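These notes concern the structure reproduced below.
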Amino acid sequence: MNAFSAGPAYAQWMDENDPLAQYREAFAIADPNLIYLDGNSLGRLPKKTEKMLQEAVRDAWGTRLIRAWNEGWIESDRMLGAKIAKLVGAQADEILVTEGTSINLFKLATAALKARPNRKEIVSDVLNFPSDLYILQGIIDMLDNQHTLRLIPSSDSIHIKTEDMRKAINGETALVSLSHVAFKSAFMYDMKRVTDIAHKNGALMLWDLCHSVGAVPVDLNASGVDLAVGCTYKYLNGGPGSPAFLYVRRELQEKLIPPMWGWFAADKPFDFNLNFQPATDISRFRVGTLPMLSLLAIEPGIDVLLEATMEAVRAKSVQQTQYMIALAKEWLFPYGFTLGTPEDPSQRGSHVSLRHTEGYRINCAMVAPNPPAVQVIPDFRAPDNIRMGIAPLYTRFIDLFRGMERVREIMRDRLYENYSQERQTVT
Ligand SMILES: *Cc1c(COP(=O)(O)O)cnc(C)c1O
């Protein structure tokens with residue numbers, strides 16, 4: 001069986017023939033009836049992480065105390081960076097795990113602007129994550145409003161057209177800062193093409209990989225990318241608020257001057273020199289002491305992905321987003337849903353956005369049903385997007401089938417009308 005059909009047998013067949021099926025076992029799944037479609041916001045807990053954190057607390061911190069720093073801790077930000085490098089086509093010494101994505105974006109974008117002192121434009125797009133735009137706006141303010149932020153428009157709130165992107169980038173552009181996969185629509189840029197355009201115009205290129213790393217194949221080196229940032233709590237399953245990563249192309253590492261000069265960024269932190277002498281490698285983008293427990297928690301999630309391979313993850317992700325779109329067309333479009341995600345899988349990341357004017361209340365009905373109805377957890381992104389995230393390591397076809405069946409039921413019986421319009425703090 002290969003041709004799509006809207007019955008459960010198709011989903012079961014796909015699961016039985018899924019080469020990644022075994023990896024679901026690697027995750028703690030407390031409630032097997034919960035349909036979790038929010039791995040793009042907070043990935044599941046890998047079973048190994050529980051054990052590893054217990055050991056880190058009891059054995060390393062509890063027993064080895066300060067000695068643990070010289071027993072591996074001090075290398076962990078670069079060791080984990082080297083592992084992430086394998087997922088995104090970078091060299092081992094080009095990635096560092098440190099702070100959060102927003103903070104890393106601040107550090108790299110500021111350094112990039114300093115490296116292009118005669119250029120005064122930053123290019124981003126209207127699909128970018130607000131935090132990224134706020135950080136760029138804040139940098140402009142900090143640098144006394146000498147720069148302008150130009151946003152590439154989108155005519156449908158789903159795609160960015162190449163010609164619009166070309167128009168925005170020119171000889172005035174210092175930095176192009178974009179999300180590779182858009183957080184709301186899942187639109188995915190052709191990384192190499194955009195990077196080439198930035199470079200032809202003499203600009204530096206910075207990619208945010210939050211919705212890419214662990215979800216779609218990325219090849220930073222082959223695309224000639226200068227800078228990148230990304231988080232580890234989404235598709236890498238590193239835990240809530242886990243430290244993020246940054247990438248600086250090797251040739252740029254010694255040329256870029258980070259805006260925050262902490263002691264861990266120094267050439268020899270334990271010489272305690274009174275004047276800052278930056279490290280010559282990626283360590284110069286550190287700031288202070290590493291958050292060891294959160295750092296250690298990242299490793300098991302990365303290991304599962306490395307074993308499964310990004311090629312296999314991507315192949316399943318494309319099948320699953322296609323499947324979900326096909327079910328939506330058959331079951332949900334008649335109720336007024338529209339697709340908020342690119343149709344073309346080569347332009348789509350690993351989630352599907354479905355738009356409906358009642359999106360918020362439909363989302364509530366999915367998340368908080370009256371038992372025994374099945375509980376489905378996607379997330380809601382204003383004004384009207386229900387985002388269904390697919391994490392191929394643990395998302396099954398039958399989950400997608402049941403989840404979409406539930407939305408159909410909510411629409412058919414107008415169950416969302418029982419929920420309030422009032423928004424919760426975290427949606
Ligand atoms: C999730 C996400 C972030 C998160 O930034 P934090 O600093 O971790 O809160 C940033 N950018 C994009 C594109 C994201 O999707």
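Whatever order the structure lists ligands and atoms in, that order sets their numbers, starting from 1. Note that the structure is a prediction, hence the values are computed from the model and not measured.
Geometric assessment of Arg423 against the ring of Tyr360 yields a positive cation-pi assignment under the 6.0 Å and 45° thresholds.
Within 4.0 Å of ligand 1, the residues that place a heavy atom are Thr101, Ser102, Phe129, Asp132, Ser179, Asp208, Cys210, His211, Tyr233, Lys234, listed by chain and number.
At a cut-off of 3.5 Å, with distance as the only test, no side-chain donor of Tyr23 or Asp18 sits close to an acceptor on the other residue.
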- [ ] Output, in order, the C-alpha distance, side-chain angles, deciding distance and verdict of ring pair (Phe, Tyr, Trp, His ring centres under 6.0 Å) for Trp263 and Phe270.
- [x] CA-CA 8 Å; Trp263 69 307; Phe270 287 85; 5.2 Å; yes

Open item on the list: ring pair (Phe, Tyr, Trp, His ring centres under 6.0 Å) for Phe187 and Tyr189? Distances and angles first, verdict last.
Closed with: CA-CA 7 Å; Phe187 168 75; Tyr189 275 107; 5.1 Å; yes

Task: Test ring pair (Phe, Tyr, Trp, His ring centres under 6.0 Å) applied to Phe397 and Tyr323, step by step - done: CA-CA 8 Å; Phe397 283 85; Tyr323 177 59; 5.6 Å; yes

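Contacts classified as ring-ring contact (aromatic ring centres under 6.0 Å, His included) and involving residues 213-241 (residues at least two apart or in different chains) are not found.
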